[in-house]
Amino acid sequence: MNYDVIVVGSGLAGLRAAIAAIHGGASTAVLSMVYAVRSHSVAAQGGINAALGNVDPEDNWKNHAFDTVKGSDYLADQKAVCRMTEAAIPTIYEMEHWGTAFSRLPDGRIAQRPFGGAGKQRTCYAEDRTGHILLYTLFQQSVRNKAVFYDEWMVIDLVIEDNKCVGLIAMDMNSGELKSFGAKAVIFATGGAGRVYGASTNALICTGSGIGVAYRAGIPLKDMEFVQFHPTTLFGTNILITEGARGEGGYLYNRLGERFMKRYASEKMELAPRDIVARAIRTEVLEGRGFENAYVHLDLRHIGEEKLNERLPGIREIGLKFAGKDIVSDPLPIQPGQHYTMGGIDCDIDGKTKVDGVYAAGECACVSVHGANRLGGNSLLETIVFGKIAGDHAADYIASRKDAVNQSLLKNKLDAKEKFVSDLQSSKGKEKVGVLREKLRSTMIRNVGVFRKLDEMKEADKTITELKERYTKISFTHPSRKFNLELLTAMEMETMLEIGHVITEGAIRRTESRGGHYRVDYPERDDENWLKHTICTQGENGEPVFSDSEVDISIWEPKERKY
Ligand SMILES: Cc1cc2nc3c(=O)[nH]c(=O)nc-3n(C[C@H](O)[C@H](O)[C@H](O)COP(=O)(O)OP(=O)(O)OC[C@H]3O[C@@H](n4cnc5c(N)ncnc54)[C@H](O)[C@@H]3O)c2cc1C
């Protein structure tokens, strides 16, 4: 099976990349662990940012860029941010022309709601189901453009020769068979690694398996220690309660009935960036002002039933079904939860990685446009803008590459992977992979979470080393290869342990606090020593090896972040 371009992942970034590659004349296939419309993008609620100026006429893409850079705690690359925020406006109109039914202002123009960390009201939305509407639009366009889909295929290895892309190895999840695919260009659009953590808002498939494939193939990861904890996830299940709920006017209250955000961000209050609000909620709980020592209240009652039904119908449904609370008459119990992977596969402003023909886009990539903290509404934007850019560049690259793909190398890799999977399946240890996975998740959320302490992180590091050892002694309940979830989990687990390790060691190494990374022992930002990206490659012995790279601060000088 040979294609010019293979896109791994069928979320927003993957589908947009596929459409661009097809438009560029490349034969293109999309491989994905799930059917396209089940990718995590479908769950995005609150909206997508673009300075259309429909509500705030004086807004422009430069304001949007500045808010993004400030929100990132000055770790985002500023030219990359400008590229994204300038492209945002035509991107929204293109999506509208392709069929996205955005919510409207009374005069018919696209509506925009306030969002965290934004100086203007610029988040476009479709009720509280924005990801769903966007993903269906791009899926329809992919079908229209005759993209070839391999649904329920898991990519497990990348094949490279002389620093050039040759193709990949993937498992057909239904039969368990491995196959090789020849491709001169591969675009990773595999989403985030949220499920390395417990208490995550992410779909179960967001285990970072694509990030792991790139890492094991020698491609560096960037800024992995920056993990976003969303302030408002439903207590108990950690289902996301969109920032749009605060955008529409929701208040946060502690047990004493105080709107406590006045202590942490007196101007922006509930609409301060996520890292600040998440820390505020944790502080309230840790200092004894939370409910049941665990959560605070998000109160939407004053907004009124009519507006809540119009703007937040999905949130009303989630509250009723998963907490037995009606937002019209009850406050929601909420707590912070893991939400977004700011770091990812190191790539440049065109989505290129260090291997020729290998690209990354969307949440799995780190361009970097989010730096140390992503603003709400910027991720959906990143997926579509940089998905297109990666697809365009991959198509150009194909046109310039004349050599044939090395089929015998693909065959050798396939045989090696086949042996790896059979060895894994025939191992006779006593460990169960599900148990190891839960241990990893609970360790990460407890020890490398909102507030980070050196001794706790070191303990996590030790646990991960132990888990890696235990992983060599797993056995399986059932020998079948056919949709064997335990086997698939075992294959993902290899990656999850690596990613957990890179996050933890990166967080130990970075002795400052910036955006989503907060060190109790180093509470200040330290531009002199740490205004730089963390780069991590897998060393010969499998251990992470760290270095740094420069941050582009060519437009705005870093300043203290106040809200
Ligand atoms: C609940 C929730 C709400 C959100 N709300 C918003 C919002 O309102 N606004 C906003 O800007 N952002 C929001 N985000 C973030 C945003 O939705 C995501 O960052 C974005 O959709 C990611 O898109 P993606 O295309 O990069 O990846 P995803 O949509 O996660 O897709 C990843 C794809 O990769 C495939 N894949 C992964 N590994 C492999 C493999 N090894 N082999 C084959 N295929 C693989 C999967 O099958 C999937 O198709 C939200 C996130 C969550 C979790």
Side-chain angles (χ1 to χ4, degrees), residues 6-18 30-50 88 113 115-116 123-126 128-135 138-139 149-158 168-171 173 186-195 200-214 228 230 233-234 238-244 247 274 314 318 337-342 344-345 360-365 370 374-384 386-387 390 488 491-492 495:
I6 293 183
V7 180
V8 190
S10 55
L12 287 170
L15 295 183
R16 189 63 190 86
V30 181
L31 265 70
S32 176
M33 275 164 63
V34 295
Y35 286 88
V37 292
R38 304 196 63 173
S39 299
H40 185 59
S41 293
V42 83
Q45 300 174 348
I48 174 166
N49 297 337
R113 58 167 46 131
F115 241 55
T123 304
C124 310
Y125 59 96
D128 50 6
R129 314 179 206 272
T130 313
H132 185 120
I133 308 276
L134 290 170
L135 192 63
L138 285 185
F139 181 60
F149 283 95
Y150 290 84
D151 297 316
E152 299 187 329
W153 281 75
M154 181 182 189
V155 173
I156 55 177
D157 213 350
L158 184 65
L168 47 80
I169 311 294
M171 178 188 264
M173 292 157 65
V186 165
I187 302 173
F188 282 93
T190 50
R195 285 282 168 172
S200 172
T201 64
N202 286 194
L204 292 168
I205 51 166
C206 301
T207 59
S209 73
I211 297 178
V213 169
Q228 179 161 81
H230 197 291
T233 76
L234 200 60
N238 298 106
I239 296 173
L240 182 77
I241 303 299
T242 173
E243 189 164 291
R274 291 177 177 172
I318 289 171
Q338 189 289 338
H339 183 58
Y340 186 81
T341 309
M342 259 86 69
I345 301 169
E363 190 170 340
C364 73
H370 309 302
R374 167 177 80 88
L375 291 190
N378 269 353
S379 174
L380 291 180
L381 178 62
E382 179 197 15
T383 60
I384 304 178
F386 286 98
L488 294 169
M491 288 166 48
E492 287 179 317
T495 291

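Predicted model only: the values in this text are computed from it and were never measured. One-based numbering, in listed order, for ligands and for the atoms of each.
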Review point. Taking heavy atoms and a distance under 4.0 Å, where does W153 meet ligand 1: side chain, backbone, both or neither?
Key: backbone

Check your understanding: Does ligand 1 have an atom that lies less than 4.0 angstrom from a heavy atom of S32?
Key -> yes

**Study point:** Proximity to ligand 1 by part of T383, non-hydrogen separation under 4.0 Å
**Key:** side chain

**Study point:** Exam field: side chain T130 to backbone Q45, donor-acceptor pair closer than 3.5 Å
**Key:** yes

Review point. Out of curiosity, is I48 lining ligand 1, as in a heavy atom under 4.0 Å away?
Key: no

Exercise for review: Check N378 against ligand 1 and report side chain, backbone, both or neither, counting heavy atoms closer than 4.0 Å.
Suggested key: backbone

Revision key, fill the gap. One finds that the ligand 1 atoms under 4.0 Å from a non-hydrogen atom of M154 are 42 (N)

Review point. Does the N or O separation between A13 and ligand 1 drop below 3.5 Å for any pair?
Key: yes

Review point. Among protein heavy atoms, which sits nearest to atom 37 (C) of ligand 1, and what does the distance come to when rounded to 0.1 Å?
Key: T190 O, 3.3 Å

Review point. Does L12, backbone or side chain, put an N or O under 3.5 Å from an N or O of ligand 1?
Key: yes

Point to revise | Sub-4.0 Å heavy-atom approach of R38 to ligand 1 | key: no

Check your understanding: Is a side-chain donor-acceptor pair under 3.5 Å present for T123 with N49?
Key -> yes

Check your understanding: Quick one: does T242 get a heavy atom under 4.0 Å from ligand 1?
Key -> no

**Study point:** atom 53 (C) of ligand 1 [closest protein heavy-atom partner, distance rounded to 0.1 Å]
**Key:** H40 NE2, 1.7 Å

Point to revise | Heavy atom of the protein closest to atom 27 (O) of ligand 1 (residue, atom name, distance) | key: G191 CA, 3.3 Å

Check your understanding: Which of the atoms in ligand 1, numbered in the order shown and given with their element, are less than 4.0 Å from a heavy-atom of T201?
Key -> 1 (C), 53 (C)

Check your understanding: Are a donor atom and an acceptor atom from the side chains of S209 and T495 found within less than 3.5 Å of each other?
Key -> no

**Study point:** Reported CG-to-OG distance for the pair L12 and S39, which is rounded to 0.5 angstrom
**Key:** 8.0 Å

Check your understanding: Would you say Y125 touches ligand 1, if touching means a heavy atom closer than 4.0 Å?
Key -> no

**Study point:** Contacting atoms of ligand 1, where contact means under 4.0 angstrom from a heavy atom of S39
**Key:** 29 (O), 31 (O), 48 (C), 49 (O)

Review point. Are any of the N/O atoms in Y340 less than 3.5 Å from those in ligand 1?
Key: no

Exercise for review: For T233 and I239, indicate whether the former's side chain and the latter's backbone hold a donor-acceptor pair under 3.5 Å.
Suggested key: no

**Study point:** Polar contact flag for A43 and ligand 1 (N/O pairs, less than 3.5 Å)
**Key:** no

Check your understanding: At a 4.0 Å cut-off, with the gap strictly under it, does some heavy atom of T130 reach an atom of ligand 1?
Key -> no

Check your understanding: Where the side chain of R129 meets the backbone of A44, is there a donor-acceptor pair that is under 3.5 Å apart?
Key -> no

Point to revise | Close side-chain approach of F386 and R16, heavy atoms under 4.5 Å | key: no

**Study point:** Check: F139 ring centroid to Y35 ring centroid under 6.0 Å
**Key:** no

Check your understanding: To the nearest 0.5 Å, how far apart are OG1 in T242 and OH in Y125?
Key -> 11.5 Å

Practice item. Give the atoms of ligand 1, by number and element, whose distance to some non-hydrogen atom of S209 is under 4.0 Å. Key: 38 (N), 39 (C), 40 (C), 41 (N)

Review point. If you measure from each heavy atom of R374 to ligand 1, is any distance below 4.0 Å?
Key: yes

Review point. What protein heavy atom sits nearest atom 4 (C) of ligand 1, and how far away is it?
Key: A44 CA, 3.4 Å

Exercise for review: May I ask whether G47 places a heavy atom under 4.0 Å from ligand 1?
Suggested key: yes

Point to revise | Nearest protein heavy atom with distance in Å, relative to atom 28 (P) of ligand 1 | key: S41 OG, 3.8 Å

Practice item. Measure the shortest side-chain to side-chain distance between L31 and L168 over non-hydrogen atoms and say whether it is less than 4.5 angstrom. Key: yes

Check your understanding: Taking N or O atoms only and a 3.5 Å limit, does F115 qualify as a polar contact for ligand 1?
Key -> no

Check your understanding: By number and element, which atoms of ligand 1 are closer than 4.0 Å to a non-hydrogen atom of G9?
Key -> 33 (C), 34 (O), 35 (C), 49 (O)

Point to revise | Atom indices of ligand 1, in the order listed, that fall short of 4.0 Å to a heavy atom of V34 | key: 47 (O)

**Study point:** Stepwise side chain to side chain contact (heavy atoms under 4.5 Å, CB included) check, M173 with M33
**Key:** CA-CA 8 Å; M173 292 157 65; M33 275 164 63; 4.0 Å; yes

Check your understanding: Relative to ligand 1, is A203 under 4.0 angstrom through side chain, backbone, both or neither, heavy atoms considered?
Key -> neither

Study note, to complete from the structure: From the list E363, R274, E382, side chain to side chain contact (heavy atoms under 4.5 Å, CB included) partner of R374 resolves to R274

Check your understanding: Out of curiosity, is A189 lining ligand 1, as in a heavy atom under 4.0 Å away?
Key -> yes

Practice item. Using modelled atom types only, decide if a donor and an acceptor are shared between the side chain of S32 and the backbone of V34 within a distance under 3.5 Å. Key: yes

Review point. CG/L135 to OG1/T383 distance, rounded to the nearest 0.5 angstrom?
Key: 9.0 Å

Revision key, fill the gap. The closest protein heavy-atom partner of atom 8 (O) of ligand 1 is G46 N, 2.8 Å

Review point. Is there a nitrogen or oxygen of M33 sitting under 3.5 Å from a nitrogen or oxygen of ligand 1?
Key: yes

Practice item. List the steps and the verdict of side chain to side chain contact (heavy atoms under 4.5 Å, CB included) for F188 and L158. Key: CA-CA 10 Å; F188 282 93; L158 184 65; 3.9 Å; yes

Practice item. Tell me which part of L240 gets within contact of ligand 1: side chain, backbone, both or neither, using heavy atoms under 4.0 Å. Key: side chain

Check your understanding: In ligand 1, which numbered atoms sit nearer than 4.0 Å to a non-hydrogen atom of G377?
Key -> 9 (N), 10 (C), 11 (O)

Review point. Starting from atom 16 (C) of ligand 1, which protein heavy atom do you reach first, and at what distance in Å?
Key: S379 OG, 3.5 Å

Point to revise | Heavy atom of the protein closest to atom 42 (N) of ligand 1 (residue, atom name, distance) | key: V155 N, 2.8 Å

**Study point:** Spacing of CG belonging to N238 relative to NE2 belonging to H230, to within rounding of 0.5 Å
**Key:** 12.0 Å

Review point. Got a second to check how far L234's CG is from L240's CG, nearest 0.5 Å?
Key: 10.0 Å

**Study point:** 4.0 Å heavy-atom contact, V8 with ligand 1
**Key:** yes

Check your understanding: Do you see a donor-acceptor pair shorter than 3.5 Å between the side chains of H339 and T201?
Key -> yes

Check your understanding: Could you give the distance from CZ (R195) to OG (S200), rounded to the nearest 0.5 Å?
Key -> 5.0 Å

